[in-house]
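Notes for the one structure printed next.
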Amino acid sequence: MPLKGLKDALQTLHDLITSKRYRAWQKTLERIMFKYVELCVDMRKGRFAKDGLIQYRIICQQVNVSSLEEVIKHFMHLSTEKAEQARNQAQELEEALDVDDLEADKRPEDLMLSYVSGEKGKDRSDRELVTPWFKFLWETYRTVLEILRNNSKLEALYAMTAHRAFQFCKQYKRTTEFRRLCEIIRNHLANLNKYRDQRDRPDLSAPESLQLYLDTRFEQLKIATELELWQEAFRSVEDIHGLMCMVKKTPKPSLMTVYYVKLTEIFWISSSHLYHAYAWFKLFLLQKSFNKNLSQKDLQLIASSVVLAALSVPPHDRTYSASHLELEHEKERNLRMSNLIGFNLETKPESREMLSRSSLLAELASKGVMSCVSQEVKDIYYLLEHEFLPSDLALKVLPLLNKISKLGGKFTFASSVPEVQFSQYVPALEKLATLRLLQQVSNVYQTMKIDNLAGLIPFFDFSVVEKISVDAVKQKFLSMKVDHMKNVVIFCKTSLEADGLKDHLASFAEQLNKARQLICPPDRKQSKLGALLPTLSEVVAKEHKRLLARKSIIEKRKEEQERQLLEMEREEESKKLRLQKVNDEAEKIRLEKESELRRKQRIQREMEEKEKEEARLLLEEHEKRFKLKGKKAPPIDKANLSRQTLLQISLIEQQKQRQDIEKKLQKLAKTMDHLERAKREEAAPLIEAAYQQRLVEERILHEREQQMEVELSKQRHAGDLHEKERLSRMMGNKEIYQEKVVSHRQAETDRLKKEREDRISRILQSRKQEREKMRKLKYFLQVEEERLQKLREAEEAQKRQEAERKKKEQLEHQAKLDAIAEKQKQREREIEEKAEREKREALLGRPTEPALRPYEPPARPLESGAAPAAAAASSAPGKYVPKFRRGGADTTRAPPPEADRWGNSSSKPDGDRWDRNSSFGSGGGRSSTTWSSSRVSRDRH
């Protein structure tokens, strides 16, 4: 078909599809759309294809969405097929596709070159053959994504189109188109969240929709890293994190593995070693928690990567000498990055604990990462972080770095994760070893020759070491100077409060004092100074405490001053921010007012232009009406012409035209009335004559038809009589046959009836036997159940009796035990009362002489017979026995006089009182006895 014919066919189909007459979906319309997209692809008419697909989406959105899906798939298939055909025709695809932007038009120099040069080269012909088709394919992807955006019924097709567009950009290294594609998908998601009241809007809270969107973003992240578009990859990571925060859900661990692996690559490329290490640490925790099939090799590889990445972080703080504004920016950046990595940070100003190298190493130690790393990594970690080897640190680190550079491998739990090579950490580890060596050397030496220092560092030349040291000095990590005139390096301290010199003088004094004591030991005898100043140590301790308190006060004042300065800076910054916010709001209000004013002016201009256009159309229509009538239009002032004036003129003309038409109709009606009346007057006699003639003709016709009917009836009657006579001869045979058939049917009926009765009787008999059997079975089951129930009841009664018997025996046994215990307690109480009584009697029977009584010799052996009597008397419960009777003295001797302890003789307690107390104590328990003892002790004192 010629090109003009294709254009006409395409235009015809386009008019058909966009017409308002065909808004109901039909199968024929789907076939028309297939032909339409074929023509659009053949002619590379992307704009026509987009318009047609948008109209077709409106038609079948609520009726048959699958039809739209089939049409779009067919459209993409045709575009891809044409592009592949063009690519196969071109032999050198890389040169043919050497175009920076597929959406850019031809440059002027290319057009001039194509017209000036006589012969077109093969490269140029390939460019003209292949590039247009790939431009059209790219436009196809954009069109389909635009049509399918925010459509919940075609989410899978939208995701498939996005994946195919990503693969197109990856296959042909289209970085510009990839950036535009990412921006398109990002805007689609933003519009989806912005306009939440759309009818067919996808629901991101649904698991299927969320999984499709996440798969698209992860594919975007993978392609961005493969194309080395690291900025776009970081934005893709932010898109994934924003999507996760939007739906408040966490993706699958397999997707999170890809997420953290890509984060490690992005942070390593951007030289953000701290965030790179945290991303590795998060990946380690994820795999250790969720991957149950994690092998020991993979675990060791991840743990080694975490430790090496943490060691690669520079040990000095880059924000040491930064301003307050830079610190705030750095804090915001840390917060943003930590949110991406998955760490929650406190946003309070007092919380200074942010992502840092020291906190990361502490986390590694607490989470047990060091127990999973390889031996080389563990050795280099302890050398660089815990050992103090100022002379041979670099020499011990160098062989370990050579071994580490050969380590690495690929993870088996994720095929999408690239191979890990530890050699990428070697330069950072060499720099760290250099900084540690300089730091340790600065603590030992004050000056050192450059040649000696360069000999200690085999990694770099001294020029590189000097650059590293300059950066460390700038960040307050080292304090050193390089004197090239004297060829020495000077290590110095900036203040006496430095870490290395804080306690240096005190330790030096202590060492000197120990050396003096070893050389000149002190004398053994006491010095005069010690005798004169016995409290010297206390004075020194107090002075030391006073100095410490003064130092703490000074430090607190410094901290308070720094805090006040920081508060002032924050207040200034907040004032600036508030002022800027007020200015921004005022500017925003001004811009909104201006935009509103411009919008109103634009609407006013549009309304005026629309009125002018309508007035022009009305004027043309007015002039056209007068031309059709053959009259000349009345003159109108076009300068002061308005839509209202033209409407009034048009209304007046319409009223005049309507009046003329009414007059003409009235005249025509009157003429037709007279004409009809004349016609009816002339036709009346003619109608009457025709009626009479018709009556005569119908009477003659009726008589003729009646005669013919009589003759036909006679002929039919004669024929029927003849037929009756012919059939009467077969009447006997007919009756014989009828009797035979009736008898046969009667016998058959009797036979079937008898069989039915027999069958019914058998069924009744069998059912009766079945009921009898079931009755017997139920009776047997009932009897068996009653027997089992009786057995169970007998067993339960026996068990209850046995339990009651055992319980009774236990109660009797417990009662016996309680009685024995009660007797034992009674016996113990009696023993205690007896001991207490003896003690009380001993206390009451003590004489009241002075404490230094003369020694009384023991009783003679001849008087030993009185001892048993005294002992027996003293052992008698409840009876007071004087001391001279309890002793070994003569029983005939009168008792010694006893002092009155209660002030007079009348208040002295007698034996009956103690008898009552004793008997009360023996009957009332230990508490009464204790009360009596405490009362006696109190009275004695």
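Heads up: numbering here begins at 1 and tracks the sequence.
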- Query: With Glu226, which residues qualify under salt bridge (Lys or Arg N to Asp or Glu O under 4.0 Å), at least two apart?
  - Reply: Lys170
- Task: Would you sort out whether Asp379 and Gln375 count as a side-chain hydrogen bond (donor to acceptor under 3.5 Å, both in side chains), showing the intermediate values?
- Result: CA-CA 6 Å; Asp379 293 342; Gln375 187 61 37; 2.9 Å; yes
- Message: Taking side-chain contact (heavy atoms from CB on, under 4.5 Å) as the definition, give me every residue that meets it alongside Ala233, ordered by chain and number, with sequence neighbours left out.
- Response: Leu221, Ala224, Thr225, Ile266
- Just do the salt bridge (charged side-chain N to carboxylate O under 4.0 Å, His left out) check on Glu573 and Lys576 with the steps written out, would you? CA-CA 5 Å; Glu573 190 67 26; Lys576 289 180 182 179; 5.1 Å; no
- Please test Glu228 against Lys173 for salt bridge (charged side-chain N to carboxylate O under 4.0 Å, His left out), starting from the C-alpha separation and ending with a verdict. CA-CA 10 Å; Glu228 296 183 355; Lys173 304 294 188 295; over 6 Å; no
- Note on the structure: Between Pro253 and Leu286 the two heavy atoms that sit nearest each other are O-CD2, 3.9 Å
- Query: In terms of ring plane angle, is the pair Tyr425 and Phe422 parallel, tilted or perpendicular, where the classes change at 30° and 60°?
  - Reply: tilted
- Calculate, to the nearest 0.5 Å, the distance between atoms NZ and OG1 belonging to Lys282 and Thr257 respectively. 12.5 Å
- Item | Full working for salt bridge (charged side-chain N to carboxylate O under 4.0 Å, His left out) between Arg436 and Glu385 | CA-CA 8 Å; Arg436 291 298 186 198; Glu385 295 298 325; 3.2 Å; yes
- Message: Between Arg563 and Glu560, does any NZ, NE, NH1 or NH2 come within less than 4.0 Å of an OD or OE carboxylate oxygen?
- Response: yes
- Item | Those residues that, when tested against Phe460, pass ring-ring contact (aromatic ring centres under 6.0 Å, His included) (two or more places apart) | none
- Any side-chain heavy atom of Met448 within less than 4.5 Å of one from Ile490? no
- Using distance alone, with no hydrogens and no angle criterion, decide if Ser236 and Asp239 have a side-chain donor and acceptor under 3.5 Å apart. no
- Task: Could you please spell out the steps behind the salt bridge (charged side-chain N to carboxylate O under 4.0 Å, His left out) verdict for Glu571 and Arg578?
- Result: CA-CA 10 Å; Glu571 188 66 26; Arg578 285 197 295 270; 3.7 Å; yes
- Message: Holding to side chain to side chain donor-acceptor pair (under 3.5 Å), I want the full list of residues that pass it with Arg235, two or more places apart in sequence or in another chain.
- Response: Glu183
- Message: How close do Leu437 and Leu456 get, counting heavy atoms only, and between which atoms?
- Response: CD2-O, 3.5 Å
Tell me which donor-acceptor pairs under 3.5 Å the side chains of residues 390-407 have, and how far apart each pair is, sequence neighbours excluded?
{"residue": "Asn402", "atom": "ND2", "partner": "Leu398", "partner atom": "O", "Å": "3.3"}
{"residue": "Ser405", "atom": "OG", "partner": "Leu401", "partner atom": "O", "Å": "3.4"}
{"residue": "Ser405", "atom": "OG", "partner": "Asn402", "partner atom": "O", "Å": "2.7"}

- Item | Student check: side-chain heavy atoms of Asp483 and Val489 closer than 4.5 Å | no
- Message: Once side chain to side chain donor-acceptor pair (under 3.5 Å) is applied, do any residues pair with Tyr259, and if so which ones, sequence neighbours excluded?
- Response: none
- Partners meeting ring-ring contact (aromatic ring centres under 6.0 Å, His included) with His273 (sequence neighbours left out): Trp268
- Message: Checking Phe388 now: which residues fulfil ring-ring contact (aromatic ring centres under 6.0 Å, His included) with it, not counting sequence neighbours?
- Response: none
- Return the set of residues passing side-chain contact (heavy atoms from CB on, under 4.5 Å) with Leu274 (not counting sequence neighbours), or none when no residue passes. Tyr278, Val313, Leu355
- For Arg516 and Asn513 the tightest heavy-atom approach is NH2-OD1, 3.0 Å
- Query: Under the side-chain contact (heavy atoms from CB on, under 4.5 Å) test, which residues partner Ser469, sequence neighbours left out?
  - Reply: Leu438, Glu466, Met480
- Item | Contacts of type side-chain contact (heavy atoms from CB on, under 4.5 Å), residue Glu219, not counting sequence neighbours | His163, Phe166, Gln167, Lys222, Ile223
- Sequence-distant partners of His484, ring-ring contact (aromatic ring centres under 6.0 Å, His included), two or more places apart: none
